[in-house]
Every structure is written in C-alpha cells, then in structure tokens.
Amino acid sequence: MVVRLRLQRFGCKNSPFYRMVAADARAPRDGKFLEIIGTYNPIASREGIKEIRLKADRIRYWISVGAQPSDRVAWILGKFGILPPPPQRFSLKKMIPKVDRKKEE
C-alpha cells in the first residue's frame, strides 16, 4: 500500500479549506484517509494571514515509514522546514527574452 500525504478539499464553492491527510494513493481525493496531519486555509484573513496547522511529529513519522508527499504538500513542508525545499521547476534563463540571452553569452 503506497501512502501519500495530500490535501483533501473542504469548504464551499470559491472558499476552499484543506485538510492535510495521510491516505492510500488509490483512494479518491476526498475519500477515505488514514490520519489527519494538518489543515490549510488558503483564504487570507483580514490581517493577510493564511492559516496552516501541522502535526510535525506525525508528518515526520509518515515520511519515515515511506509516505510520499504530493507536490503542494512538499512545498508547504519545505516552507516550514520539515522537508528540504523542493527544487525549482523553472529555469530563470527562460524568463529572459531570447534576444537578450544571446547578448549576455
């Protein structure tokens, strides 16, 4: 059984709220899970704060037994220092127009 750490969506239309769960990789996104390991509210409050609550000890346990985090969960865990930050998926050179890239070389 492959275990994934992923986000499970709750909330109404246009106001998402996520639970971070450890779930079987074959289970549907909002389906059966093994354990709730945190929450994530991407809608900022009036103070501009996005709320994230993590059970760091349980996350470390699931990673130690081989659970694989999804891309978004890996990014969140990298921000909080639980995992090393994932590598960037884009090249900074591609952001410069080709004409300017040739001038720099």
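In terms of heavy atoms, I36 sits closest to K55 at O-NZ, 3.4 Å. The minimum heavy-atom distance linking L83 with I63 is given by the pair CD2-CD1, 3.6 Å. In terms of heavy atoms, R6 sits closest to D24 at NH2-O, 3.2 Å.
Residues V21 and I82 fall into different hydrophobic clusters, defined by Ile, Leu, Val, Met, Phe, Trp and Tyr side chains chained together at heavy-atom separations under 4.5 Å. Residues I59 and V65 share a hydrophobic cluster, clusters being chains of Ile/Leu/Val/Met/Phe/Trp/Tyr side chains in contact below 4.5 Å. Taken together through direct or relayed side-chain contacts under 4.5 Å among Ile, Leu, Val, Met, Phe, Trp and Tyr, M20 and F10 form parts of separate hydrophobic clusters. In the hydrophobic clustering of this structure, Y40 does not group with F17; members are Ile, Leu, Val, Met, Phe, Trp, Tyr whose side-chain heavy atoms approach within less than 4.5 Å, directly or through other members. With hydrophobic clusters built from ILVMFWY side chains whose heavy atoms lie under 4.5 angstrom apart, F33 does not share a cluster with I76.
A distance of 15.5 Å separates CZ in R53 from CD1 in I37, rounded to the nearest 0.5 Å. With rounding to the nearest 0.5 Å, the separation of CD in E35 from CG in L5 is 9.5 Å. One finds the CG atom of L54 at 13.5 Å from the NZ atom of K79 (value rounded to the nearest 0.5 Å).
Judged purely by atom type and a 3.5 angstrom limit, Q8 uses its side chain to pair as donor or acceptor with the backbone of G31. Although no hydrogens or angles enter the test, the distance criterion places a donor-acceptor pair under 3.5 Å between the side chain of R4 and the main chain of Q68.
Within 6.0 Å of the CZ atom in R9, the count of heavy atoms belonging to other residues, nucleotides or ligands exceeds 12.
The hydrophobic cluster around I43 extends to none of the other residues, as no ILVMFWY side-chain heavy atom falls under 4.5 Å of it.
Looking at Y18 and P16, their side chains come closer than 4.5 Å, going by heavy atoms from C-beta outward.
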